[in-house]
2 protein chains.
Amino acid sequence: MKDVIKNRCDHPTADMIYESCRLLEPNISLGTVYRNLKLLADEGDIITLETSDKKIHYDGDISRHSHFICEKCGKIIDLFKPSKLPDELTELGLTVKGEKCIYYGDCTDCTIKN
Amino acid sequence: MKDVIKNRCDHPTADMIYESCRLLEPNISLGTVYRNLKLLADEGDIITLETSDKKIHYDGDISRHSHFICEKCGKIIDLFKPSKLPDELTELGLTVKGEKCIYYGDCTDCTIKN
DNA sequence: ATAATAATAGTAATCATTACTGATAACGAA
DNA sequence: TTCGTTATCAGTAATGATTACTATTATTAT
């Protein structure tokens, strides 16, 4: 299950992961997928992305990076050079353990098309 | 409805907004609240925050700012000095229209308590 | 005033996610 | 091996935030 997520470079939903797992293990149940995803997320082995499509997207890449989501086609693009943390965080005495930065707009393909 | 959200400085859920509205307009229905929230969000009058608590939080402040969410107490803190956009966005030819940066960790109160 | 249109209350439906249940596997001790 | 304990899972039911629908009421224009 962990490998299934780690080996893909997209940001699949539970449903998509379920489909992938069924190729290897045809009898796996959706409940098991959800349970294992929760375990993996709790242990910090994977990351969850709460987007505006009301489905949780999972990311096997736990290195510090951000995301861009195209509002037209829904594509999710990784940004591996995120900006540094706002100074305000330390100024306010906040201990940061994680960040989820999502930028919204039009991807290159959709910009060209319109 | 718009005023109800604009006049509060927290990040209420639809349910909380429903409660607030009922003080002014006791017969308003939850469906109306959801519909109007959707309209306001579509027009860019308010912002939605998809957090890990599976409820949408609404923000009447549409100025550019980020958020910090305490993983212990769930408090949402505004960050009004967000860092600048990653250079990578323009390098990749992406047109940014919005951003939702959420930082997770322990707030000052919760850090002191533990 | 009347017809056309928009907004709303109230409720039913949706659907991603979670919880539950009964069965099966794994493992260790006697 | 046999019994007891524990963990895992498939399958399904329940949950709950959100959305869709419908009948009714307000609003506006003619």
Side-chain angles (χ1 to χ4, degrees), chain A residues 1-6 8 10-60 62 67 69 71 73-76 98 100 102 104, chain B residues 1-6 8 10-60 62 67 69 71 73-76 98 100 102 104:
Chain A
M1 162 110 254
K2 190 158 139 186
D3 293 334
V4 169
I5 304 172
K6 295 282 184 185
R8 46 195 300 173
D10 56 348
H11 307 80
T13 60
D15 222 51
M16 293 162 72
I17 294 163
Y18 175 51
E19 289 306 320
S20 288
C21 288
R22 284 215 294 179
L23 298 177
L24 304 170
E25 211 174 333
N27 289 328
I28 196 170
S29 91
L30 184 56
T32 301
V33 169
Y34 271 109
R35 187 167 43 78
N36 290 336
L37 285 174
K38 198 178 205 338
L39 290 173
L40 287 170
D42 286 347
E43 286 171 6
D45 280 328
I46 60 173
I47 285 170
T48 62
L49 266 189
E50 290 82 20
T51 71
S52 38
D53 70 356
K54 282 182 309 176
K55 295 178 203 169
I56 299 174
H57 292 254
Y58 296 87
D59 193 342
I62 58 171
H67 296 94
I69 300 181
E71 288 174 335
C73 67
K75 186 164 50 192
I76 302 178
K100 291 177 187 173
I102 303 179
Y104 291 89
Chain B
M1 163 107 256
K2 189 158 139 185
D3 293 334
V4 169
I5 304 172
K6 295 281 183 187
R8 47 195 298 173
D10 57 347
H11 307 80
T13 61
D15 221 51
M16 294 162 72
I17 293 163
Y18 176 51
E19 289 306 321
S20 288
C21 288
R22 286 214 293 179
L23 298 178
L24 304 170
E25 211 174 332
N27 289 328
I28 196 170
S29 90
L30 185 55
T32 300
V33 170
Y34 271 109
R35 188 168 42 78
N36 290 336
L37 285 174
K38 197 178 205 338
L39 291 172
L40 288 170
D42 286 347
E43 286 170 6
D45 280 329
I46 59 173
I47 286 169
T48 62
L49 265 188
E50 289 82 19
T51 70
S52 38
D53 70 356
K54 283 182 308 177
K55 294 178 205 168
I56 299 175
H57 292 254
Y58 296 87
D59 192 343
I62 57 171
H67 296 94
I69 300 182
E71 288 174 335
C73 67
K75 186 163 50 193
I76 301 179
K100 291 177 187 174
I102 304 179
Y104 291 89

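Reminder, nothing fancy here: chain letters follow the sequence lines and each chain counts from 1. Everything quoted here is computed from the prediction, not taken from an experiment.
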- [ ] Could you run through nucleotides 6-20 of chain D and give me one letter per nucleotide, 5' to 3': B if any protein heavy atom sits under 4.0 Å from the base, S if only the sugar-phosphate is that close, - if neither?
- [x] ---BBB-----SBB-

Task: A/H57 side-chain N/O to A/L49 backbone N/O, donor-acceptor pair under 3.5 Å - done: no

- [ ] May I ask you to say whether B/K2 pairs ionically with B/D45, meaning some side-chain N is under 4.0 Å from a carboxylate O?
- [x] yes

TODO: Using a 4.5 Å cut-off on heavy atoms from C-beta on, say whether the side chain of B/I102 contacts that of B/E50.
DONE: no

- [ ] Output yes when A/D10 and A/R8 qualify as a salt bridge under the 4.0 Å nitrogen-oxygen rule, no when they do not.
- [x] yes

- [ ] May I ask you to check whether over 12 heavy atoms, not counting those of B/K38, lie within 6.0 Å of atom NZ?
- [x] no

